[in-house]
Amino acid sequence: MQSEGALADARPSPVSTDGRSSEASSSGLVCEAVEESVPWQSTAANPYSAIRPAEPRSSFSLRLSVVPYLLWIKDACTFQPWEAVNSYELTPKALLLLPVDNFVRRPMIRLVRWKVFEGFMLLAILANCVTLAMDSSAPGFADTDMGLALKRANYVFIGLFTVECVTKVLALGFVFGQYTYLRNGWNILDFLVVIMGFLELSPIGNYTFIRSFRALRPLRSITKIKALKDIVSALIGSLPMLGDVIILALFFFSVFGVFGLEIFKGIYVYRCAWPDFGTSFIETVDGIDYVMNISYNPKP
């Protein structure tokens, strides 16, 4: 009986309708609900048990996950209104003749500001990178089917880059005036690629030297990706601050170069020699002839 009385005294005081106990309400303290129930009282009857809201079930909806991409595609494929396009930085007259509201220049401006146009040119640059990787300078490769197909593809890419250049010149102007085509350093790279493409098609000049400018075509992707353009601009802007590091590196290269010459001078004398086939013989392995036992005599 004594234990039951002590247990009764240990039990919590009854609560009022506002969720506070009779003793705590007089002192201004709020009794927080506890999550665990005491062993002598059920959870349903325990006034201090926390009532948690039902957690929403996680369900994957393909339609809801695809909606943002569909909205982006819809926004990209939609022409911006002329008021928004006209708010960009534009020179008053392109080529000193075409004002902003000219019937020739106006659609060109809308086309240049169109996201689909930029995306299409980026895909063309990536496809051109693939064809450049497939090309080869091996003898006779240009006469093969692959070589002829790559040659025709080169004509197509040069035409696409030329159309882009002409469109931007008509929309932005060429060089005279602010915000024109060649006032942007990245557009100078695009214009150089187009000019070298036409020189490559012409029979004049060093053809091999002009073909080396094809390596500049993948760099045109920098102008289409804003984040990549910002990174390259930051790297170029940091080059003047690396002047002291470059001077120190050149000093170390010079010191170690002189050190290597002093160590290895005279060691590689008579390394250039004439082959002597007097004692050599031919051995055939799997249908391939190999010249064996070749000796080399010092070059006179």
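Not measured: the values here are computed from a predicted model.
- No side-chain heavy atom of Val291 sits under 4.5 Å from any side-chain heavy atom of Phe281.
- The list of salt bridge (Lys or Arg N to Asp or Glu O under 4.0 Å) pairs with a residue in residues 238-264, not counting sequence neighbours, reads Glu262-Lys265.
- Under the 4.5 Å side-chain heavy-atom criterion for Ile, Leu, Val, Met, Phe, Trp and Tyr, Met134 and Leu126 are members of distinct hydrophobic clusters.
- Atom CZ of Phe141 has more than 12 neighbouring heavy atoms from other residues, nucleotides or ligands inside a 6.0 Å radius.
- Heavy atoms of other residues, nucleotides or ligands lying less than 6.0 angstrom from CD1 of Ile282 number 12 at most.
- To the nearest 0.5 angstrom, Ile222 atom CD1 is 8.5 Å from Ser233 atom OG.
- Trp186 and Val175 end up in the same hydrophobic cluster when Ile, Leu, Val, Met, Phe, Trp and Tyr side chains are linked at under 4.5 Å.
- The side chain to side chain contact (heavy atoms under 4.5 Å, CB included) test with Lys168 is passed by exactly one of Asn184, Val112, Thr180, Leu182: Val112.
- Residues forming a side chain to side chain donor-acceptor pair (under 3.5 Å) with Thr131 (at least two apart in sequence, or on another chain): Asn128.
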message = side chain to side chain contact (heavy atoms under 4.5 Å, CB included) for Asp190 and Cys165? Distances and angles first, verdict last.
response = CA-CA 8 Å; Asp190 298 346; Cys165 179; over 6 Å; no

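- Two residues are said to be in side-chain contact when any heavy atoms from C-beta on lie closer than 4.5 Å; Arg105 and Val100 meet this criterion.
- Remark: Arg106 pairs with no residue by the side chain to side chain donor-acceptor pair (under 3.5 Å) rule, at least two apart or across chains.
- Distance check, rounded to the nearest 0.5 Å: NZ of Lys226 to CD1 of Ile231 gives 11.0 Å.
- Taken from CG in Asp135 to CE in Met146, the straight-line distance is 10.0 Å, to the nearest 0.5 Å.
- How far CZ of Phe117 is from OG1 of Thr167: 5.0 Å, rounded to the nearest 0.5 Å.
- Tracing side-chain contacts under 4.5 Å through hydrophobic residues (I, L, V, M, F, W, Y), one reaches Met292 starting from Val285; they form part of the same cluster.
- A salt bridge is defined here as a Lys NZ or Arg NE, NH1 or NH2 lying under 4.0 Å from an Asp or Glu carboxylate O, and Arg220 with Glu164 meets this definition.
- Linking ILVMFWY side-chain heavy atoms closer than 4.5 Å, directly or via other members, places Phe120 and Phe161 in a single hydrophobic cluster.
- The side chain to side chain donor-acceptor pair (under 3.5 Å) test applied to Lys115 returns Asp75, not counting sequence neighbours.
- Legend: residues meeting side chain to side chain donor-acceptor pair (under 3.5 Å) with Asp101, ordered by chain and number and at least two apart, are absent.
- Looking at heavy atoms from C-beta onward, Tyr181 lies out of side-chain contact with Ile188 at the 4.5 angstrom threshold.
- Applying the salt bridge (Lys or Arg N to Asp or Glu O under 4.0 Å) test to residues at least two apart or on different chains, none of the pairs has a partner in residues 140-154.
- Atom CZ of Phe256 sits in a sparse spot, with 12 or fewer heavy atoms from other residues, nucleotides or ligands closer than 6.0 Å.
- Within 6.0 Å of CZ on Phe176 lie no more than 12 heavy atoms contributed by other residues, nucleotides or ligands.
- Taking CZ from Phe252 and CD1 from Ile247, the interatomic distance works out to 13.5 Å, rounded to the nearest 0.5 Å.
- Heavy atoms only, all atoms of each residue included: Leu148 and Ala142 are closest at CD2-O, 3.5 Å.
- Put simply, Met196 and Leu150 are part of two different groups of oily side chains (I, L, V, M, F, W, Y) that touch within less than 4.5 Å, one to the next.
- Ring centroid separation for the pair Phe174 and Phe191 comes in under the 6.0 Å cut-off.
- Contact annotation: the side chain of Thr284 never approaches that of Ile288 to less than 4.5 Å [non-hydrogen atoms, C-beta and beyond].
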Report task. Give the intermediate values and the outcome of side chain to side chain contact (heavy atoms under 4.5 Å, CB included) for residues Ile125 and Phe157. Result -> CA-CA 8 Å; Ile125 294 172; Phe157 289 124; over 6 Å; no

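- Looking only at side-chain heavy atoms (C-beta outward), Leu172 and Thr91 stay at 4.5 Å or farther from each other.
- In this structure, Thr162 and Ile158 approach most closely via the heavy-atom pair OG1-O, 2.6 Å.
- Taking both residues in full, the closest heavy atoms of Pro218 and Leu132 are given as CD-CD1, 4.3 Å, listed atom of the first, atom of the second, then distance.
- In this structure, the separation between CG on Leu95 and CG on Leu170 is 6.0 Å, given to the nearest 0.5 Å.
- Look at Glu200 and Arg217 and you find a salt bridge, because one of the NZ, NE, NH1 or NH2 atoms lies within 4.0 Å of a carboxylate O, short of that distance.
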